Amino acid sequence: MKYIKCEDCLKIRDGHELIEIRPWGKDSIRVRSTLNPGFSEKEKGLLPAKEGSEWVFELSENGASVTNGKIRCSVTPGGCLSFYRDDKLVLAEYYRGRDANQHSRPINMMARQYRTKGGDFEAFARFESNPGEKLFGMGQYQQPELNLKGCVLALEQRNSQISIPFYISSEGYGFLWNHPGTGEVSFGRNYTLWHADCCDELDYWVTVGDTPKKLLENYTGVTGRAPRFPKNALGLWQSKLRYRTQDEVLEVAREYRRRGIPLDVIVIDFFHWRHQGDWCFDPDFWPDPKAMVDELKSMGIRCLISIWPTSDSESLNYEELRERGLLVRAVDGTQQQITWGGSNVVFVDATNPEARDFVWEKAKKNYYDCGIDMFWLDCNEPEFSAADAHGYSFFAGPLEKCAGLYPKLHMQTFRDGMLGEGRTDIVNLSRSAWVGSQQMGSVIWSGDVQSDFVALRDQLSAGLNIGLAGIPWWSSDTGGFQGSSVEDPGFAELLIRWFQFSAFSPVLRMHGDRAPHDIPPLSDSGGGKMTTGRPNELWSYGEEAERIFCKYLNIRLEMKDYLSSLMDEASENGSPVMRTMFYEFPEDERCWELDDQYMLGPRFLVAPVLRAGMQRRDVYLPEGSWRSIHGGPVVTGGRTVCAETPLDIIPVFERVD
């Protein structure tokens, strides 16, 4: 084994394998390993390192080490890596090969393993499993588990699933699997196994810190932070499936104004176009978009419009997109990638800079120049009908090698476009994301989830874990997207409980496809033939529901300055807006166990109602003094209390010390 000390890193040559250990950010180290002659410089998740240049290299008969601030990476003579925080071992590669005396063990299992795959590799990395360790982050998965120890997670983007392969550990370290391709991770009790389906090299990054907040600060320091969130989008966003005409949009906005209910954003969903890929309004139903937007602005309402990264073969732009090679390529040569209404629909290749410029040019001309300044980036996983990572290829490479880049670069299309127009209060909406997407000025929402209490429970873990993966701007479809009926008396209870949860989330959005679908189409062609759901405004569910909705909307509006300060903090140090209990109380062991309550910033403890018919629930209050926002005496913490939960109450406690 040969050690090569370079100016800014340590390189190790061991037979065919080349290993690089490089300081990368504060108290952090990046590790790369390959069987190739050198390392790839292709775009991934890490930004160029700005800190960590003052590092220490040591070499002895027992191996070598690299120290960068609080982190030390130790290399054994066999090439196995271990990581220490202030000399305490926190993470080690899993190796069951030769022992210190070079004797072979019966089970020869390497820490790093490669399988040749054409000109690339399928790769594996193994790490020791720490007993009692708890793991959090990794993006958004539809499951109730907040602690991911023992979970197996697919590293791929799906509708409602967002893989952001960064986690923090209760042992005081954070870990990023710096691969945009597909794969899988198993956080087993015996060992942790990372698997990349296709890559040039193994690439991971480790950071250490004394608190979860410090770990997020280090992580977002090398992957980027969210911009400032515009205060005029912190109130209610009104949406449904779907407003079909500009008259419908204006009627809803005027009714909000007549009722005296403040509205920040109104949403125009899909098929306001004739064909996917037109990226313009159907003039039969939207004859004067600029006049519509002007009236909305006069009421203080911003307009958000849905854009899909898809093109129907009948669309205005399909032939040019095809001729210029700006579409995603199916490996088998077919030109149908998603089934929608019987049409032949393909995806625009967002990893191609030329395609991004093309899409923004159309969006600017047909939407932005009309005054629309918010874009809803739907289906940008992208959502292929056949979720086959081996079946598609991007401009940037095979999907299985670079899938995570697609949603991130699609978001970048609209951020860069608006920045180029001098816009600074950028806030879009996206269904998918990857490492560093927090920079792109988009709220991430949790996809087309079911309308039931099981899904509501899952959203709590989803919102908390994606926050720990660096995404502070997050929301869910209030009430769930699919499977609801306005004629179901139980749905009103679910919607109220979900609205209460959303009111104490980063972004409050009403959205969903409400059945029954008995509203006749407007026409038999273009946008007029597409179905719509029942009304979904705050007054659509009766007077009692409207009263409760307005109660919590008003509470949220009173908190706008506080919410804005949390968004500012996210921009400054990467802290999420929704926070696990241990994020604010890392010294309280009980808080590392809690998965059904959370902190909204440092001040408010939120305990959502997650089951139908629940009339009370337990709430753990950490040390300190607390008072319910609904009134009552100051309560001493360090104990569990029972909170009453009638339909109009979600337990929320404010710190008063």
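Nothing fancy with the numbering, it's 1 onward along the sequence. Keep in mind it's a predicted model, so treat the numbers as computed, not measured.
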Asker: Would you indicate whether the side-chain heavy atoms of S575 and E217 approach each other to under 4.5 Å?
Answerer: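 With C-beta onward as the side chain, the pair stays apart.
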Asker: Looking only at the side chains, is there a donor atom on one of Q412 and R415 sitting less than 3.5 Å from an acceptor on the other?
Answerer: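 R415 and Q412 do not have a side-chain donor-acceptor pair below 3.5 Å.
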Asker: Measuring from atom CZ of F83 to atom CD1 of I29, what distance do you get when rounded to the nearest 0.5 angstrom?
Answerer: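 So the gap between those two atoms works out to 6.5 Å.
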Asker: Give the table of side-chain donor-acceptor pairs shorter than 3.5 Å for residues 600-615, with sequence neighbours excluded, one pair per line with atom names and distance.
Answerer:
from: R603; atom 1: NE; to: E654; atom 2: OE2; distance (Å): 2.7
from: R603; atom 1: NH2; to: E654; atom 2: OE2; distance (Å): 2.9

Asker: Evaluate the criterion ring pair (Phe, Tyr, Trp, His ring centres under 6.0 Å) for residue pair W177 and Y204; output intermediate values, then yes/no.
Answerer: CA-CA 5 Å; W177 180 248; Y204 65 84; 7.1 Å; no
Asker: Got a salt bridge between D264 and R509, using NZ or NE/NH1/NH2 to carboxylate O under 4.0 Å?
Answerer: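 No, D264 and R509 are not salt-bridged.
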Asker: Within a strict 4.5 Å, meaning less than it, do heavy atoms of the I444 and I466 side chains meet?
Answerer: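 I444 vs I466: side chains touch.
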Asker: Is it the case that the side chains of Y173 and Y167 hold a donor-acceptor pair, with the cut-off being a distance below 3.5 Å and no angle test?
Answerer: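 A donor-acceptor contact under 3.5 Å links the two side chains.
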Asker: Mind checking the OG-CG spacing from S430 to N380? Nearest 0.5 Å is all I need.
Answerer: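 Between S430 OG and N380 CG, I get 3.5 Å after rounding to 0.5 Å.
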Asker: How would you list all residue pairs meeting salt bridge (charged side-chain N to carboxylate O under 4.0 Å, His left out) that involve residues 627-640, not counting sequence neighbours?
Answerer: none
Asker: Just by distance, no angles: are the side chains of D197 and T182 close enough, under 3.5 Å, to form a donor-acceptor pair?
Answerer: yes
Asker: Can you run down the side-chain hydrogen bond (donor to acceptor under 3.5 Å, both in side chains) pairs that involve residues 186-195, sequence neighbours left out, and say none if there aren't any?
Answerer: E122-H195
Asker: Hydrogens and angles aside, do T207 and N218 bring a side-chain donor and acceptor to less than 3.5 Å of each other?
Answerer: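 N218 and T207 do have a side-chain donor-acceptor pair below 3.5 Å.
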Asker: Ignoring hydrogens and geometry beyond distance, is a side-chain donor-acceptor pair present between Q140 and W474 at under 3.5 Å?
Answerer: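 Yes.
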Asker: Which residues pass the side-chain contact (heavy atoms from CB on, under 4.5 Å) test with S571, not counting sequence neighbours?
Answerer: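 Result, side-chain contact (heavy atoms from CB on, under 4.5 Å) vs S571: R228.
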Asker: Quick one, M599 and M578 - any side-chain contact, counting heavy atoms below 4.5 Å?
Answerer: no
Asker: Give the intermediate values and the outcome of side-chain hydrogen bond (donor to acceptor under 3.5 Å, both in side chains) for residues T478 and S502.
Answerer: CA-CA 7 Å; T478 298; S502 295; 2.8 Å; yes
Asker: How would you list all residue pairs meeting ring pair (Phe, Tyr, Trp, His ring centres under 6.0 Å) that involve residues 438-457, not counting sequence neighbours?
Answerer: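 Every ring pair (Phe, Tyr, Trp, His ring centres under 6.0 Å) pair that includes a residue of residues 438-457, provided the two are not neighbours, is W376-W445.
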Asker: Flag the pair R556 and E558 as a salt bridge only when some basic side-chain nitrogen lies within less than 4.0 angstrom of an acidic carboxylate oxygen.
Answerer: no
Asker: Among residues at least two apart in sequence or on other chains, which ones pass ring pair (Phe, Tyr, Trp, His ring centres under 6.0 Å) with Y583?
Answerer: none
Asker: Give, for atom CD1 of I162 and atom CD of E156, the distance between the pair rounded to the nearest 0.5 Å.
Answerer: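 Answer for the CD1-CD pair, I162 versus E156, is 13.5 Å.
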Asker: Would you please name every residue forming a ring pair (Phe, Tyr, Trp, His ring centres under 6.0 Å) with F504, sequence neighbours left out?
Answerer: none
Asker: Please check this pair: side chain of K408 against backbone of V435, looking for a donor-acceptor N/O pair closer than 3.5 Å.
Answerer: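 Yes, because the side chain of K408 sits within donor-acceptor range (under 3.5 Å) of the backbone of V435.
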Asker: Looking at R112 and E93, is there a salt bridge between them, counting it only when a charged N and a carboxylate O are closer than 4.0 Å?
Answerer: yes
Asker: Can you tell me how far apart OG (S33) and CD (Q113) are? Round to the nearest 0.5 Å.
Answerer: 12.0 Å
Asker: Under 3.5 Å, side chain of S65 to main-chain N/O of S74, donor-acceptor pair present?
Answerer: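 It does not hold such a pair.
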Asker: Will you find, in the side chains of E133 and S169, an N or O donor that is under 3.5 Å from an N or O acceptor?
Answerer: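 Side chains of E133 and S169: pair found under 3.5 Å.
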Asker: Looking at R617 and D596, is any side-chain nitrogen of the basic one under 4.0 Å from a carboxylate oxygen of the acidic one?
Answerer: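 So D596 pairs with R617 through a salt bridge.
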Asker: Please report the interatomic distance CG(L563) to CG(D568), rounded to the nearest 0.5 Å.
Answerer: 11.0 Å
Asker: Partners of N178 by side-chain hydrogen bond (donor to acceptor under 3.5 Å, both in side chains), sequence neighbours excluded?
Answerer: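 For N178 the side-chain hydrogen bond (donor to acceptor under 3.5 Å, both in side chains) partners, ignoring immediate neighbours, are D203.
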Asker: Is a salt bridge present between K88 and E171, judged by a nitrogen-to-oxygen distance below 4.0 Å?
Answerer: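 Result for this pair is yes, salt bridge flagged.
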Asker: If a pair satisfies salt bridge (charged side-chain N to carboxylate O under 4.0 Å, His left out) and one of its residues is in residues 449-475, list it, with sequence neighbours excluded.
Answerer: R457-D595
Asker: Is it true that the side chains of T636 and W626 contain a donor and an acceptor less than 3.5 Å apart?
Answerer: no
Asker: Donor-acceptor pair, S461 side chain versus P144 backbone, under 3.5 Å?
Answerer: yes
Asker: Which pairs count as ring pair (Phe, Tyr, Trp, His ring centres under 6.0 Å) when at least one residue sits in residues 206-231, sequence neighbours excluded?
Answerer: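 The answer is F166-Y219, F229-W473.
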Asker: Checking side chain to side chain donor-acceptor pair (under 3.5 Å) against T220, which of E572, R225, Q438, Q439 comes through?
Answerer: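 Exactly one option meets the side chain to side chain donor-acceptor pair (under 3.5 Å) with T220, and it is R225.
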Asker: Y620 ring centre to R590 NZ or CZ under 6.0 Å, with the angle to the axis within 45°?
Answerer: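 Positive - R590 is close enough to the ring of Y620 and near enough to its axis.
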Asker: With sequence neighbours left out, what residues match S442 under side-chain hydrogen bond (donor to acceptor under 3.5 Å, both in side chains)?
Answerer: none
Asker: Taking the side chain as every heavy atom from C-beta outward, state whether P165 and H179 have any atom pair closer than 4.5 Å.
Answerer: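 No - every pair of side-chain heavy atoms lies 4.5 Å or more apart.
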Asker: Regarding R96 and the six-membered ring of Y94, is the cationic atom NZ or CZ under 6.0 Å from the ring centre and inside 45° of its axis?
Answerer: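 Yes, a cation-pi geometry holds between R96 and Y94.
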Asker: Rounded to the nearest 0.5 Å, how far does CZ of F582 lie from SG of C591?
Answerer: 9.5 Å
Asker: For the pair D210 and K70, find out whether any cationic side-chain nitrogen is under 4.0 Å from an anionic carboxylate oxygen.
Answerer: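 Salt bridge between D210 and K70, a charged N being under 4.0 Å from a carboxylate O: yes.
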Asker: Using side-chain hydrogen bond (donor to acceptor under 3.5 Å, both in side chains), reason through S475 and W237 one step at a time and then give a plain yes or no.
Answerer: CA-CA 11 Å; S475 79; W237 296 24; over 6 Å; no
Asker: Would you please name every residue forming a side-chain contact (heavy atoms from CB on, under 4.5 Å) with N159, sequence neighbours left out?
Answerer: E381, E383, R431, D448
